[in-house]
Each structure stands twice: as C-alpha cells, then as structure tokens.
Chemist: 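For reference, the structure I am asking about is given below.
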Amino acid sequence: MFNRASFLTRLVASSVKVSETAGGIIKNVMTAGDLKIVNKCDGGYDPQTEADRRAQYCIVQSLQNRYKDLKIIGEEDETTACPEVELGFSEDVLNLESSLNSELRNIKEEDVVVWVDPLDGTSEVALAVKNKNLALLEQVTVLIGIAHKGRAVAGIIHQPYFSENGRTVWAINGCGVHGITPAQSNAKKVVVTTRSHLSESVSSALEALKNKDLADSIEKVGGAGYKVLKVLEGSAAYVFASAGCKKWDTCAPEAVLEAAGGNLTDISGRKIRYDSNIQLNNTGGVLATASWVKHLDYVNSIPDDIKNQLPEVASKK
Ligand SMILES: Nc1ncnc2c1ncn2[C@@H]1O[C@H](COP(=O)(O)O)[C@@H](O)[C@H]1OP(=O)(O)O
Ligand SMILES: [Mg+2]
Ligand SMILES: [Mg+2]
Ligand SMILES: [Mg+2]
C-alpha cells in the first residue's frame, strides 16, 4: 500500500511517525535532565537545547533515508547525532490517498521543500526547567511543514506533552484536519500572542483589535505550533506583529489551520511563501485566524503604521 501511494501521501505518512519519534527524543532528553543550553543570538536570547539538536538530527536522517533527494530546511545549524531512525509510516495517512485531488497526487519530490522545526517553544522548555513549572511543556511542538512550489500543502504538529502520550495533529490541503476536532465557534474572542517576544508593535496591534471588538481577551503563550493549536481549540486569532518568527515556525501550522478552514498570513494579509531560496524570517509578522471569524476583519483592523513597519522583504536569504 505504501509503495502505491502518491509521493505527498507517503511523505506525510512518514512525517507523522518521524514527528512522534522526535517527540520521544525530546522527552528522553528532558528526563535525562541535562539540556546543554546554547544561546544562538549575540546580544539577545535564542536558546537551543540538546533536545532541539537531537530531534532535528533524527527528523532529517529519517526523511533523507527514505527520500534521498528531498530538500529539507531545518532550524538548527548544529545537530547531535543520535541512533533513532524512523522508517515507519502512518496507515491513517495512507488511507486518505483517495481524498487527494489530482494536483496533490501528482506532486513530485523535486518541487517539494520540507520545513522542520524540531522543537518549537525552546524558551518555554528552558523556563519550565528553570522554574520547575512543567505545565509549560504543553507548549512544546515538533513541526514538519511540506511546501509545494512555495505554498504550504501539508503539515504535522506533534505535541509530545499533551496528556499522557502526546498527540499528532496533521493535515493535507483539502482533506480535513486529523488528530483534533476544530472548534466551530466561541462566544468569546480570545487572541493568543507571544509570551517571550512582546514588543511595542505587538502590543499596539492587540490594542487596535480590542478597540474593534475583535479581541475580548489576550492570552500570552509560547510557540507558533501551540498558538495555532489554541486557535483550533477555540481561540479566535494568533497575532504576532513583529519579525523574528521563521518559515519553519509557520509552514506546518499554516497547512493545518487552512485545512480546518482558518487562515494564516502575515499581518497585512499576504500569503507566506515557502520556496527553498526564500528569506527565512517572516518579516511581515504572523496573523492566524479561526474558521469562524473573518480574517480580513483582523487584517483591516491592524493600523497601517504597524503594517508599514513590517514589509514583506523580497530579497532571498
Ligand atoms: N526573535 C525570535 N528569534 C528566534 N525565534 C523566534 C523569535 N521570535 C519567535 N521565534 C520562534 O517562533 C516561535 C513563536 O514565537 P513566540 O513564542 O514568541 O510567539 C518561538 O517558539 C520561536 O521558535 P523556537 O522555539 O523554535 O526557536
Ligand atoms: Mg529556536
Ligand atoms: Mg519555532
Ligand atoms: Mg525550534
């Protein structure tokens, strides 16, 4: 069955399993207790742990083992070799093959880029350990986003610390969302935003949404993957009117949210591109909305001066 499936179906089926194995690696590093934290940012704070390094090694080795010429772009430049190679695949994904439209079924390996965030929410991991606040670990996700000709077409969000055994939320364009039942409405419009990268432009954008009755309350949580899960669970929107978030943070969440009828763009409503030679930063910020609110209402309510501070940069990386 695996060999007869289309390339995209096989890649998603593999990636679901690989994300779960990466989640296991993260948990093992946490249990062992030595995170070996490195700060990647001169003059700032951008932590990387042994879990980020091992999880990325496993994801890239596992996918490259099956798909030799696949273009994969991962967050981490430094990785740590580990023995886990995942060659399994999800039967649930294979069973979806007949739902794919012919364009998706004809996707070729050479037109695909896989965007990997081996551990989204690293700051929350560091804080969880420092403050012995293990509840923060719920905000950790493994993100594998699949882009075809620059557009996010499939995504996997694995949440290792959800309940006892974690959960994997995944989607292929036009084929619904799996692993979660998205909320269809909510009486209250909760807007989620950054916990660790607040700035004046982020606060001003949130204030503008409050004034237009598009945000009844604001919740500050970590991770791009986790914030999109919150939107699927009943929050109205995820707003990050600042640069700093990268393509590997948004590719998988965008594919998953859009398959649920929501939207993820930059704060000016422009689609985000995921070509292999694209700049890595989402310079236009991030705006994600649930299926039950109007994305354009949120775009239109963010003031132009904030949008002008966050242009889409056309230059390549
Ligand atoms: N200024 C930044 N520098 C590095 N990574 C960032 C920055 N802002 C956001 N990110 C990444 O985007 C995610 C969502 O941001 P936030 O939690 O602030 O809303 C973070 O978990 C982090 O991913 P990661 O944890 O994979 O490094
Ligand atoms: Mg990081
Ligand atoms: Mg990230
Ligand atoms: Mg990361």
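Atoms within each ligand, like the ligands themselves, are counted from 1 in listed order. Remember, predicted model here, so these are calculated numbers, not experimental data.
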Chemist: Counting heavy atoms only, which part of Thr193 comes closer than 4.0 Å to ligand 1: side chain, backbone, both or neither?
Modeler: neither
Chemist: With no hydrogens and no angle check, just 3.5 Å: does a side-chain donor-acceptor pair link Thr79 and Gln56?
Modeler: no
Chemist: Which ligand 1 atoms are under 4.0 Å away from a heavy-atom of Ala224?
Modeler: 13 (C), 14 (C)
Chemist: Among Ile180, Val190, Thr181, Asn186, find the residue that satisfies the side chain to side chain contact (heavy atoms under 4.5 Å, CB included) test when tested with Glu233.
Modeler: Ile180
Chemist: Minimum distance, heavy atoms only, to atom 17 (O) of ligand 1: which one of Ser123, Gly225, Gly223 is it?
Modeler: Gly223
Chemist: Can a side-chain donor-acceptor contact be found between Glu97 and Ser6 if the only test is distance below 3.5 angstrom?
Modeler: yes
Chemist: Please list, in number order, the atoms of ligand 1 under 4.0 Å from a heavy atom of Asp117.
Modeler: 26 (O)
Chemist: With heavy atoms under 4.0 Å as the rule, classify the contact between Thr122 and ligand 1 as side chain, backbone, both or neither.
Modeler: both
Chemist: What N/O/S atom of Glu75 gets nearest to the Mg ion (ligand 2)?
Modeler: OE2
Chemist: For Asp249, counting its heavy atoms only, list the atoms of ligand 1 lying under 4.0 Å from any of them.
Modeler: 11 (C), 12 (O), 13 (C), 23 (O), 26 (O)
Chemist: Backbone or side chain, does any N or O of Phe240 fall under 3.5 Å from an N or O of ligand 1?
Modeler: no
Chemist: Judged by modelled atom types alone, do Ser196 and Tyr45 share a side-chain donor-acceptor pair under 3.5 Å?
Modeler: no
Chemist: Give the atom numbers and elements of ligand 1 that come within less than 4.0 Å of a heavy atom of Asp46.
Modeler: 4 (C)
Chemist: Report yes if some N/O of Arg195 lies less than 3.5 Å from some N/O of ligand 1; otherwise report no.
Modeler: no
Chemist: To which protein heavy atom is atom 6 (C) of ligand 1 closest, and what is the distance rounded to 0.1 Å?
Modeler: Gly244 O, 3.3 Å
Chemist: Nearest protein heavy-atom contact for atom 25 (O) of ligand 1: which residue, which atom, what distance?
Modeler: Gly121 N, 2.8 Å
Chemist: What part of Asp120, side chain, backbone, both or neither, has a heavy atom within less than 4.0 angstrom of ligand 1?
Modeler: both
Chemist: Within ligand 1, which atoms have a heavy atom of Ser196 less than 4.0 Å away?
Modeler: 18 (O)
Chemist: Mark yes when over 12 heavy atoms from residues, nucleotides or ligands other than Lys271 sit less than 6.0 Å from its NZ; otherwise mark no.
Modeler: yes
Chemist: Compare all side-chain heavy atoms of Leu206 with those of Val239 and state whether any distance is below 4.5 angstrom.
Modeler: yes
Chemist: Any chance you could lay out the salt bridge (Lys or Arg N to Asp or Glu O under 4.0 Å) test for Glu110 and Lys71, step after step, and finish with the verdict?
Modeler: CA-CA 8 Å; Glu110 61 260 35; Lys71 175 84 184 163; over 6 Å; no
Chemist: Taking only heavy atoms of Lys246, which atoms of ligand 1 are found under 4.0 Å from at least one of them?
Modeler: 4 (C)
Chemist: Can you tell me if Thr265 and His295 form a side-chain donor-acceptor pair at under 3.5 Å?
Modeler: yes
Chemist: Give the atoms of ligand 1, by number and element, whose distance to some non-hydrogen atom of Lys227 is under 4.0 Å.
Modeler: 16 (P), 17 (O), 19 (O)
Chemist: Could you tell me whether the side chains of Asp52 and Thr49 share a donor-acceptor contact shorter than 3.5 Å?
Modeler: yes
Chemist: Look at the N, O or S atoms of Leu143, main chain and side chain alike, and state whether any lies under 2.8 Å from the Mg ion (ligand 4).
Modeler: no
Chemist: Could you check which of Thr194, Val286, Thr49 puts a non-hydrogen atom nearest to atom 18 (O) of ligand 1?
Modeler: Thr194
Chemist: If you define the side chain from C-beta out and look only at heavy atoms, does anything of Leu11 sit under 4.5 Å from Val114?
Modeler: yes
Chemist: Which of the numbered atoms in ligand 1 are below 4.0 angstrom from a heavy atom of Gly222?
Modeler: 17 (O)
Chemist: Report yes or no: is the cationic atom of Arg195 (NZ for Lys, CZ for Arg) closer than 6.0 Å to the six-membered ring centre of Tyr226, at no more than 45° off its axis?
Modeler: no
Chemist: Measuring only between side-chain heavy atoms, which start at C-beta, is Glu76 closer than 4.5 Å to Lys40?
Modeler: yes
Chemist: Any non-hydrogen side-chain atom of Leu143 less than 4.5 Å from a side-chain atom of Ile156?
Modeler: no
Chemist: Work out whether the distance between some heavy atom of Leu143 and some atom of ligand 1 is less than 4.0 Å.
Modeler: no
Chemist: Which of the N/O/S atoms in Asp117 sits closest to the Mg ion (ligand 4)?
Modeler: OD1
Chemist: Assess Lys227 against Tyr238: is NZ or CZ under 6.0 Å from the centre of the six-membered ring, and within 45 degrees of the ring's axis?
Modeler: yes
Chemist: Could you tell me whether the Mg ion (ligand 2) has an N, O or S atom of Asp46 under 2.8 Å away?
Modeler: no
Chemist: Between Thr168 and Glu20, is any side-chain donor less than 3.5 angstrom from a side-chain acceptor?
Modeler: yes
Chemist: For the Mg ion (ligand 4), does an N/O/S atom of Glu76 lie at less than 2.8 Å?
Modeler: no
Chemist: Among all the protein's non-hydrogen atoms, which is closest to atom 27 (O) of ligand 1, and how far away is it?
Modeler: Glu75 OE2, 3.2 Å
Chemist: In terms of residue, atom name and distance, what is the protein heavy atom nearest to atom 15 (O) of ligand 1?
Modeler: His197 ND1, 4.0 Å
